[in-house]
Amino acid sequence: MAVRKITEYPETVLGKAGKPVENFDQSLADLCSDMFDTMYDAEGVGLAAPQIGLSLRLFVMDCDGIKLIAANPAIIHTEGEQSSQEGCLSVGKVPAVVVRPLKAKLRAQNEKGEWFEREAEGYAARAFLHETDHCDGKLFIDHLPKLRREMVIKKFKKEKTWK
């Protein structure tokens with residue numbers, strides 16, 4: 001299909017909750033195909049619609065053996081805690097340590113509109129949480145203490161000027 005342009009911080013679409021996906025048709029299937037192409041091209045493991053400028057509650061991921069399309073995602077259960085490096089295609093992959101739940105249970109619809117639930121642990125759980133956050137208008141840097149968040153943003157802006 002096609003590789004789309006990745007929307008970068010501080011674009012407005014990244015800070016707003018996406019609209020629910022209502023049409024499960026060929027255009028959605030094509031969009032998801034483009035999102036996978038874009039994610040793979042950028043060497044990411046997940047990509048949400050706001051990251052390509054679309055205000056939709058939709059993400060794709062391919063991480064730790066879990067490949068899926070999630071429309072209208074919600075995290076319905078979490079447990080435990082993990083602390084690990086996290087980055088984002090919309091923040092230039094500049095990493096920071098983020099504390100998140102160790103396990104997460106996702107409820108979403110597939111590209112046909114069928115509801116499903118999926119559990120993940122570790123890195124895949126982190127991807128569920130990170131991408132669902134995008135659908136809710138949150139970035140991983142929103143989970144950081146103010147000083148650390150400012151440092152990540154400063155580094156991202158500095159790297160953008162080098163390109």
Kindly give the heavy-atom pair with the smallest separation between [X] and [Y], and that separation in Å.
X: T38; Y: A2; answer: OG1-O, 3.8 Å
X: C63; Y: A127; answer: SG-CB, 4.3 Å
X: A124; Y: I66; answer: CB-CD1, 3.8 Å
X: A108; Y: A70; answer: CB-CB, 3.7 Å
X: Q82; Y: G122; answer: NE2-O, 3.0 Å
X: G53; Y: T7; answer: N-OG1, 2.9 Å

Which salt bridge (Lys or Arg N to Asp or Glu O under 4.0 Å) pairs, counting each pair once, include a residue from [range], with sequence neighbours left out?
range: residues 128-137; answer: R57-D136, R100-D133
range: residues 61-79; answer: E79-K103
range: residues 16-45; answer: R4-D34

Checking side chain to side chain contact (heavy atoms under 4.5 Å, CB included) for the pair K105/R118: CA distance, chi angles, key distance, verdict?
-> CA-CA 6 Å; K105 187 173 189 177; R118 187 78 188 259; over 6 Å; no

Close side-chain approach of [X] and [Y], heavy atoms under 4.5 Å:
X: E86; Y: H130; answer: yes
X: R126; Y: S84; answer: yes
X: C88; Y: Q51; answer: yes
X: M61; Y: L68; answer: yes
X: E117; Y: I76; answer: yes
X: I141; Y: R149; answer: yes
X: E8; Y: F156; answer: yes

Step through the shown structure and confirm whether more than 12 heavy atoms of other residues, nucleotides or ligands are within 6.0 Å of OH on Y123.
-> no

Apply the test side chain to side chain contact (heavy atoms under 4.5 Å, CB included) to residues L129 and T78: give CA-CA distance (whole Å), side-chain angles for both, the deciding distance (0.1 Å), then the verdict.
-> CA-CA 10 Å; L129 296 157; T78 60; 4.1 Å; yes

Rounded to the nearest 0.5 Å, what's the gap from CZ on R107 to CZ on F116? Could you check?
-> 10.0 Å

When rounded to the nearest 0.5 angstrom, what is the spacing between NZ in K160 and NZ in K158?
-> 16.0 Å

K93 side-chain N/O to A42 backbone N/O, donor-acceptor pair under 3.5 Å = yes

Should the ring pair F59 and F128 be called parallel, tilted or perpendicular, given that the plane angle runs from 0 to 90° and is split at 30 and 60?
-> tilted

So L139 and H134, side chain to side chain contact (heavy atoms under 4.5 Å, CB included) or not? Walk me through it.
-> CA-CA 6 Å; L139 295 172; H134 274 300; 3.3 Å; yes

Given a cutoff of under 4.5 Å between side-chain heavy atoms of I, L, V, M, F, W and Y, with clusters grown through shared members, what are the other residues clustered with L58?
-> I6, V21, F24, L28, L31, M35, F36, M39, Y40, L47, I52, L54, L56, V60, I69, L89

Name all residues meeting the salt bridge (charged side-chain N to carboxylate O under 4.0 Å, His left out) criterion together with E150; count only those two or more places apart in sequence or in a different chain, and write none if there are none.
-> K146

Residues which pass side chain to side chain contact (heavy atoms under 4.5 Å, CB included) with R148, listed by chain and number, not counting sequence neighbours | A96, L144, P145, M151, V152

Go through the steps to decide whether Y9 and S90 satisfy the test side chain to side chain contact (heavy atoms under 4.5 Å, CB included), and finish with yes or no.
-> CA-CA 6 Å; Y9 176 85; S90 292; 5.6 Å; no

